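In what follows, a structure is listed as structure tokens, so that the remarks can point back to it.
Everything numeric here is computed off the predicted structure, so don't read it as measured data. Order of appearance sets the numbers: ligands from 1, and atoms from 1 within every ligand.
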Amino acid sequence: MKTDELHKSTVKLAPSILSADFAQLGKQVAQAEEAGADRIHVDVMDGHFVPNISFGAPIVRSLRPVTHLPLETHLMISDPDFFIEDFVRAGSDSFLVHWEGNSNLHRTIRNIKGFEKRVGIVINPATPAAVLEEILPELDLVLVMTINPGFEHQQFLPMTLPKIRRVRQMIEQINPSCELELDGGIDVTTAPLGVAAGANVLVAGSTIFHHEDGVATAMKELQAAIREADTKW
Ligand code: DX5
Ligand code: ZN
């Protein structure tokens, strides 16, 4: 085994295609896969739940045949239940649904599990970790937003770090196989902070797709930064 492999990080990277060049989407996703991405993060926005519009199930359908990676679908939309089946048919492998604004979250989770897909709950920066406690045994993932959702290339909010540590503790106590993912403002400086606080999956959009030397270089730099911080909590 090469030294590189021995020190391989257990932290997974989920490039967010919101920052990709849509005219070259297939190519850029292939580059991310080649560079070691674990999954592709697909940000769906309806201009209502968040003040921005992105794309819907057709993007998932187009990407499905061009990558082997799981397509993780982050639904920033007002009525996720209406659209789950569309995304499942298009090829989504997992769903991230927000705690905020969903008065029947348990039903949404059951709906997703009914399609035998992985499911995670997302909490915004102002939402406390405590809301996860009862539902945690049902989850495959928790995603802590480290920015307010809606736009790429925003600044990581350090106020989320104590919450990330709390969520990690809750996961260890209640459901240790649950993943802890962060989304927003992840770069070579903030990624190690998030990992040290307990995250094991990081979404990154602009850091990966806006790098002037390309996707592969960006992924390498991020992986190197994470390796440094990847000790056990
Ligand atoms: C924002 C999205 C994020 C976004 C992250 O609402 O959920 O996934 O693409 O972009 P960066 O990594 O540039 O902050
Ligand atoms: Zn996202």
Side-chain angles (χ1 to χ4, degrees), residues 11-22 25 28-29 32 35 37-57 59-60 63 69-78 80 83 87 92-102 112 118-127 140-161 164 179-195 199-212 214-215 217-219 221-223 225-226:
V11 177
K12 295 165 179 168
L13 286 180
S16 161
I17 58 163
L18 189 63
S19 300
D21 174 354
F22 296 147
L25 189 55
Q28 293 201 328
V29 165
D38 179 75
R39 63 194 73 175
I40 298 298
H41 185 87
V42 180
D43 285 304
V44 179
M45 304 178 182
D46 66 354
H48 181 69
F49 184 79
V50 288
N52 196 10
I53 297 175
S54 59
F55 38 68
I59 288 280
V60 172
L63 282 179
L69 295 179
L71 298 172
E72 162 177 279
T73 311
H74 180 185
L75 294 177
M76 287 163 275
I77 60 178
S78 290
F83 296 95
F87 280 97
S92 290
D93 297 285
S94 61
F95 290 89
L96 293 163
V97 288
H98 276 257
W99 180 87
E100 298 83 10
N102 191 330
I112 294 166
R118 301 182 79 228
V119 62
I121 285 187
V122 187
I123 53 173
N124 281 342
T127 303
D140 300 297
L141 292 91
V142 168
L143 188 151
V144 174
M145 289 304 302
T146 42
I147 54 160
N148 283 299
F151 299 91
E152 52 153 349
H153 201 31
Q154 301 182 70
Q155 252 190 359
F156 182 93
L157 296 168
M159 53 94 68
T160 59
L161 285 168
I164 298 163
E179 294 182 310
L180 173 45
E181 183 164 4
L182 307 184
D183 186 6
I186 298 295
D187 59 23
V188 292
T189 310
T190 57
L193 302 177
V195 170
N200 67 334
V201 186
L202 302 176
V203 177
S206 49
T207 294
I208 290 174
F209 291 108
H210 294 181
H211 197 295
E212 56 181 14
V215 171
T217 305
M219 289 280 296
E221 287 180 7
L222 212 43
Q223 283 155 344
I226 292 164

What protein heavy atom lies closest to [atom]? Include the residue and the distance to one decimal.
{"atom": "atom 11 (P) of ligand 1", "value": "H153 N, 3.6 Å"}
{"atom": "atom 12 (O) of ligand 1", "value": "G205 N, 2.7 Å"}
{"atom": "atom 3 (C) of ligand 1", "value": "D183 OD1, 2.9 Å"}

Ligand-residue contact atoms, ligand 1 with [X], heavy atoms, under 4.0 Å:
{"X": "L18", "value": "9 (O)"}
{"X": "V203", "value": "8 (O)"}
{"X": "H41", "value": "8 (O)"}
{"X": "G150", "value": "1 (C), 6 (O)"}
{"X": "S206", "value": "11 (P), 12 (O), 13 (O)"}
{"X": "M45", "value": "6 (O)"}
{"X": "P149", "value": "6 (O)"}

Query - Salt-bridge present (E72, K12; N to O < 4.0 Å) - result: no

Report task. Please say which of S19, S54, S206 ends up in a side-chain hydrogen bond (donor to acceptor under 3.5 Å, both in side chains) with E152. Result -> S19

Query raised in the report: With under 30° as parallel and over 60° as perpendicular, where do the rings of H210 and H153 fit, or are they tilted in between?
Result: perpendicular

Mark yes or no for whether [X], through its side chain, and [Y], through its backbone, hold a donor-acceptor pair below 3.5 Å.
{"X": "Q154", "Y": "N148", "value": "yes"}
{"X": "E100", "Y": "N124", "value": "yes"}
{"X": "S94", "Y": "V119", "value": "no"}
{"X": "D187", "Y": "T207", "value": "no"}

**Report entry** Residue from V203, D183, I123 passing side-chain contact (heavy atoms from CB on, under 4.5 Å) with M145
**Finding:** D183

Query raised in the report: Can you name the one residue among V60, L96, I77 that meets side-chain contact (heavy atoms from CB on, under 4.5 Å) with V44?
Result: I77

Report summary line: ang(OD2 D183, the Zn ion (ligand 2), ND1 H74) rounded to 10° is 90°

Query raised in the report: Restricting to N, O or S atoms of D43, which is nearest to the Zn ion (ligand 2)?
Result: OD1

Query raised in the report: Mind checking whether H210 has a heavy atom under 4.0 Å from ligand 1?
Result: no

Query raised in the report: Quick one: does F151 get a heavy atom under 4.0 Å from ligand 1?
Result: yes

N or O contact, [X] vs ligand 1, cut-off under 3.5 Å:
{"X": "G184", "value": "no"}
{"X": "G185", "value": "yes"}
{"X": "H74", "value": "yes"}
{"X": "T207", "value": "no"}
{"X": "M76", "value": "no"}
{"X": "E152", "value": "no"}

**Report entry** Structural part of A204 in contact with ligand 1, heavy atom criterion under 4.0 angstrom
**Finding:** backbone

With a 4.5 Å cut-off on side-chain heavy atoms, are [Y] and [X] touching?
{"X": "I226", "Y": "L13", "answer": "yes"}
{"X": "I121", "Y": "L143", "answer": "no"}
{"X": "D43", "Y": "M76", "answer": "yes"}

Query raised in the report: More than 12 foreign heavy atoms under 6.0 Å from CZ of F83: is that the case here?
Result: no

